[in-house]
Amino acid sequence: MFTAIVLIKTSSDRIPEVAQEVSDIRGVTEVYSVTGEWDLIAMVRVQQHERLADVIADELSKVAGVVSTSTNIAFRTYSTHDLDAAFSLGIDD
């Protein structure tokens, strides 16, 4: 699995629409509306490295309202959050 974190600047009047259109792209698993320099952050997860170009360069960057992007490829995941949630049964001891 290859993961990319894509920082997205959008036209200010299209943030919700861009977020929805980006989230509909196959390979995009989450889209966050954020504060700061960037408007949105998209998580892209694909099985093949070559698919990153298809998702990011060929689809995501061409969504109407996307002004610019900056892509960061993840090397490793260090979070145990998902693992802890998967084993949590919600039962208090």
Side-chain angles (χ1 to χ4, degrees):
M1 177 73 62
F2 295 92
T3 301
I5 299 97
V6 185
L7 309 173
I8 305 167
K9 285 188 185 179
T10 70
S11 303
S12 60
D13 62 334
R14 287 212 16 101
I15 293 172
E17 293 84 1
V18 171
Q20 184 60 56
E21 289 180 45
V22 169
S23 72
D24 290 339
I25 297 171
R26 187 168 173 236
V28 175
T29 57
E30 300 112 274
V31 177
Y32 300 95
S33 177
V34 297
T35 62
E37 182 179 346
W38 302 92
D39 300 305
L40 301 170
I41 296 176
M43 301 300 294
V44 177
R45 294 183 174 92
V46 294
Q47 292 294 328
Q48 297 146 345
H49 185 264
E50 297 78 21
R51 213 27 214 125
L52 289 171
D54 298 336
V55 173
I56 299 165
D58 295 342
E59 294 183 60
L60 189 152
S61 67
K62 294 180 181 171
V63 169
V66 170
V67 175
S68 65
T69 62
S70 177
T71 300
N72 299 274
I73 307 296
F75 294 128
R76 285 191 185 110
T77 302
Y78 292 98
S79 172
T80 58
H81 174 74
D82 292 336
L83 185 59
D84 291 343
F87 287 103
S88 173
L89 299 176
I91 300 171
D92 293 329
D93 292 323

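Predicted model, so just to flag it, every value in this text is computed and none were measured.
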- Query: Considering all heavy atoms of both residues, which atom of I73 and which atom of A4 are nearest to each other, and what is their separation?
  - Reply: CD1-CB, 3.9 Å
- Nearest heavy-atom approach of Y32 to M43 is CE1-CG, 4.0 Å
- Message: I need the minimum non-hydrogen distance between A42 and I8, along with the two atoms involved.
- Response: CB-CD1, 3.9 Å
- Do V6 and F2 belong to the same hydrophobic cluster, where Ile, Leu, Val, Met, Phe, Trp and Tyr are linked whenever their side-chain heavy atoms lie under 4.5 Å apart, directly or via other members? yes
- Item | salt bridge (charged side-chain N to carboxylate O under 4.0 Å, His left out) partners for E30, two or more places apart | R45
- Message: Using the rule that Ile, Leu, Val, Met, Phe, Trp and Tyr join whenever any side-chain heavy atoms are under 4.5 Å apart, tell me whether V46 and I41 fall into a single cluster.
- Response: no
- Item | Separation of L40 CG from I15 CD1 (nearest 0.5 Å) | 6.5 Å
- Message: Assigning hydrophobic clusters by single linkage (Ile, Leu, Val, Met, Phe, Trp, Tyr; side-chain heavy-atom cutoff under 4.5 Å), is I5 placed with W38?
- Response: yes
- Item | Euclidean distance, S12 OG relative to D39 CG, rounded to 0.5 Å | 8.0 Å
Could you go through residues 48-60 and list every donor-acceptor pair under 3.5 Å that involves a side-chain atom there, pairing it with any protein atom two or more places apart or in another chain?
residue	atom	partner	partner atom	Å
R51	NH2	R26	O	3.2

